[in-house]
Structure formats: C-alpha cells, structure tokens
Amino acid sequence: MKIAPSLLSCDFSKMGEEIIRMDKAGADYMHLDVMDGAFVPNITFGAPVIKCVRPLTKVPFDVHLMIDNPLNYIEDFVKAGADIITFHVEAKSDIQQTINKINAFHIKSGLVIKPNTPTEAVFPYLNMIDMVLIMTVEPGFGGQSFMADMLPKALQIKDEAIRQGTDILIEADGGINEKTISQCAEYGIDICVSGTGVFKAENPKQAIAYLQSF
Ligand code: DX5
Ligand code: ZN
C-alpha cells in the first residue's frame, strides 16, 4: 500500500519542516487538501503556498481540489508543482474540459467522489484519467470517522475499468489509520491518504511503515 500523508493535519506554522518530516518518515506522496470555503465549509491554502514548499522534497505532490471552480485554477496548481491533480465530480466546472486541461500539462489527473455520489459518475471518464479518489469521510475536515461502506466503490470502479480495457489507480481519503487500513487493502485500494493517523502518531516513521505493510 502506498501512503499519502495529508498536510491538513500538520502544524501550519512550520509546514515546510512538516513536509521534510514526512519525507524522512517514508511518505510515498504528499497529499495537499485545497479548500475554498464554498465547495466545503473550510478554507486551507492555495497554489502560492504549494509553490513555496514544493522544492523541499522530491516526493510527488498529490493535490486534492475541494473547490467550486477547479478549471479556473488548474494552470496555477501545475505551475506550483502538482504531480497529480484530483477534483470533485460534484464541483461546478465542466468535468471533460477540466480533465483535458490537466492532461494537456502531462501530469496525472483524477476524479473525486463524495460519499453520497454514485460510482457511476466517474465511469464515462475512466479511460482519460489516472486515478479515482474515493472519499471515506465527508470532505472538509480531518479527524473524522472512516466510512467502511464506501469501499465497495473501489471494486465497482476496478471492474468497470477492466470492462473498458483501461487501468486506474484507486485512492481512499478520510479516517484511515492503523485500525482501518486492512479494510482498504482488502478492497484493493492502491493509495491511502492519512492525516491524523500519521501526523499525530508518536513515531510517524513506524506509523507509515505499518500502513505501507498492508
Ligand atoms: C478531508 C481531506 C482529507 C483529510 C484526511 O476533506 O480530504 O485528506 O485531511 O484526514 P484524516 O486522515 O485525519 O481523516
Ligand atoms: Zn484529501
């Protein structure tokens, strides 16, 4: 299992050091949650902040956009150094145009679905994206309880991808820790985001290694 620590749970007074701490602890990706206070009831940070911390690590940046109009900001996030950009099917931007915009920059693209969104919403786009991110909490905040009933979505998406003859990575996000990771592994999740689970761990290196062992 690949692990992507979510910077949402870091100490923002030293975000750079926190990224270096997660790099040294063995993170496979850095997960950056961008929130606009409109798509979700919380505000975090945007492209200028990501650009400042990007040079601190070689670990790929997985940018999760929880914003109403992702299309308008794709270029900013690419220039800030995003390696993967995921955005929500529930956002206002045209999905196809937004995928095209990300793909034109030759970085990885992905779609995110909230817990109440049916899996079928991503089916028409599977052959043009690299990843589907399944929310296992309502987006907006770290530290919420894991929704195990979202996991079957992973099997549905993998089945549909096989049917379409395409390959897709599945990422899960929200409430993932040492207690819930085994369920993610059982359902074939490729990448797990973990905020509280790794940042609040006494020994993040051990915590990440344990999560990766699944
Ligand atoms: C929630 C974010 C998640 C969150 C995960 O909207 O997308 O990435 O930070 O944090 P934990 O692991 O604490 O649920
Ligand atoms: Zn996220």
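Residues Pro139 and Met66 come closest through the heavy atom pair CB-SD, 3.7 Å. When all heavy atoms of Met135 and His88 are compared, the closest pair comes out as CG-CE1, 4.0 Å. Taking all atoms of both residues into account, the shortest heavy-atom contact from Thr180 to Gly175 is OG1-O, 3.0 Å. In terms of heavy atoms, Thr196 sits closest to Ser9 at N-OG, 3.1 Å. Annotation for Ser93 and Thr98: closest pair CB-OG1, 3.4 Å, computed over non-hydrogen atoms. Nearest heavy atom pair, residue Ala148 against residue Gln183, reads CB-OE1, 3.2 Å.
One N or O on the side chain of Gln212 and one on the backbone of Gly26 form a donor-acceptor pair closer than 3.5 Å. Proximity of a side-chain donor or acceptor of Lys114 to a complementary backbone N or O of Val137 within less than 3.5 Å is not detected.
For Arg54 and Asp83, the salt-bridge test passes: some basic side-chain N is under 4.0 Å from an acidic carboxylate O. Lys79 and Glu75 are joined by a salt bridge, as a carboxylate oxygen and a charged side-chain nitrogen come within less than 4.0 angstrom of each other. Using a cutoff of 4.0 Å between basic side-chain nitrogens and carboxylate oxygens, Asp190 and Lys158 are scored as salt-bridged.
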Next on the checklist: Please determine whether side chain to side chain donor-acceptor pair (under 3.5 Å) holds for the pair Asp33 and His31, giving the CA-CA distance in whole Å, both sets of side-chain angles, and the decisive distance to 0.1 Å.
Outcome noted: CA-CA 6 Å; Asp33 290 303; His31 184 83; 2.9 Å; yes
Item to check | Residue pair Asp23, Thr57: steps toward the side chain to side chain donor-acceptor pair (under 3.5 Å) verdict | outcome: CA-CA 7 Å; Asp23 179 332; Thr57 178; 2.6 Å; yes
Checklist entry - Are Met15 and Leu32 close enough, and set up right, to give a side chain to side chain contact (heavy atoms under 4.5 Å, CB included), and what steps lead you there? => result CA-CA 11 Å; Met15 190 174 179; Leu32 295 119; 4.0 Å; yes
Item to check | Verdict with reasoning, Glu171 to Ile134, per side chain to side chain contact (heavy atoms under 4.5 Å, CB included) | outcome: CA-CA 6 Å; Glu171 184 174 39; Ile134 298 170; over 6 Å; no
Next on the checklist: Evaluate Lys179 against Phe146 for side chain to side chain contact (heavy atoms under 4.5 Å, CB included), listing each step before the verdict.
Outcome noted: CA-CA 10 Å; Lys179 293 193 181 78; Phe146 183 68; over 6 Å; no
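Side-chain N/O atoms of Glu160 and Gln156 include no donor and acceptor closer than 3.5 Å.
For Asn100, the CG atom counts as densely surrounded, since its 6.0 Å shell holds more than 12 non-hydrogen atoms of other residues, nucleotides or ligands.
Annotation: side chain of Lys101 is not in contact with side chain of Asn103 (no heavy-atom distance under 4.5 Å). Contact annotation: the side chain of Phe141 never approaches that of Leu8 to less than 4.5 Å [non-hydrogen atoms, C-beta and beyond].
At least one test fails for Lys92 against the ring of Phe39: distance under 6.0 Å to the centre or angle within 45° of the axis.
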